[in-house]
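Predicted model only: the values in this text are computed from it and were never measured.
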Amino acid sequence: QVQLVESGGGLVQAGGSLRLSCAASELIFSTYSMGWFRQAPGKEREFVAGISRNGVSILYADSLKGRFTISRDNAKNTVYLQMNNLNPEDTAVYYCAARLSIINSRDAGRYDYWGQGTQVTVSS
């Protein structure tokens, strides 16, 4: 059974940084494009970043570009999200997702597997 397990969330002050990790198992990681999404209380899930299976193609939400960096290590079956200069509006549950495709996507409906999420809380 495919598993995606996020880690690295927590409480951080505004202006701080966090690095999220998502470890994948029971899939051929290098054949999956990966994405990060987030959902804040009372809001819809939104795209954060996506990376193609070979790491060449990367997408970001326009509002987050420059503060967040997605990367992957296919040898470790892990995708990362480095988040810098965090602000309270970044508070959300962050999810990683896997898509069996060479192409990454901003569309949550195009992903095949999801993790359980990790909470990120940014205090002002």
*Taking all heavy atoms of F37 and all of D107, pick out the closest pair and write down the distance.*
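It is CZ-C, 4.2 Å.
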*asked:* Minimum heavy-atom separation for L4 and M34, please, with both atom names.
replied: CD2-CE, 4.2 Å
Between atom [atom1] of [X] and atom [atom2] of [Y], what is the distance when rounded to the nearest 0.5 Å?
| X | Y | atom1 | atom2 | answer |
| --- | --- | --- | --- | --- |
| I102 | S33 | CD1 | OG | 8.0 Å |
| S105 | L59 | OG | CG | 8.0 Å |
| L27 | N77 | CG | CG | 7.0 Å |
| I51 | S71 | CD1 | OG | 6.5 Å |
| S123 | N87 | OG | CG | 11.5 Å |

*CG (L11) with more than 12 external heavy atoms under 6.0 Å*: yes
_Residue R110 excluded, over 12 heavy atoms near CZ under 6.0 Å_ = no
With a 4.5 Å heavy-atom cut-off, do [X] and [Y] have their side chains touching?
| X | Y | answer |
| --- | --- | --- |
| W36 | L20 | yes |
| I70 | V79 | yes |
| L18 | L86 | yes |
| L64 | D90 | yes |
| R38 | V93 | no |
| L81 | V48 | yes |
| T91 | Q119 | yes |

*Working for side chain to side chain contact (heavy atoms under 4.5 Å, CB included), residues M83 and Y94*: CA-CA 11 Å; M83 306 186 295; Y94 284 72; 3.7 Å; yes
*Is there a donor-acceptor pair under 3.5 Å between the side chain of T78 and the backbone N or O of D73?*
no
*In sequence, state the C-alpha distance, the side-chain angles, and the governing distance for E26 and Q1, and then conclude on side chain to side chain contact (heavy atoms under 4.5 Å, CB included).*
CA-CA 6 Å; E26 303 302 325; Q1 184 175 354; 5.5 Å; no
*How far apart are the C-alpha atoms of S21 and E6, what are their side-chain angles, what is the distance that settles it, and do they pass the side chain to side chain contact (heavy atoms under 4.5 Å, CB included) test?*
CA-CA 6 Å; S21 299; E6 301 95 336; over 6 Å; no
*asked:* Check for me whether the distance between the ring centres of Y60 and F47 falls short of 6.0 Å.
replied: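 Between F47 and Y60, which both carry aromatic rings, the centre distance is not below 6.0 Å.
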Distance only, no hydrogens: is a donor on one side chain within 3.5 Å (strictly under) of an acceptor on the other, for [X] and [Y]?
| X | Y | answer |
| --- | --- | --- |
| N54 | S52 | yes |
| N74 | S30 | no |
| S17 | N84 | yes |

_With side chain to side chain contact (heavy atoms under 4.5 Å, CB included) as the criterion, how do Y32 and Y113 come out once you've worked through the C-alpha distance, each side chain's angles and the decisive distance to 0.1 Å?_
CA-CA 10 Å; Y32 283 78; Y113 301 103; 3.6 Å; yes
*Think R72 forms a cation-pi with F29, using NZ or CZ under 6.0 Å from the six-ring centre and within 45 degrees of its axis?*
yes
*How are the rings of W114 and Y95 set to each other: parallel, tilted or perpendicular (split at 30° and 60°)?*
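Perpendicular: the ring planes of W114 and Y95 meet at over 60°.
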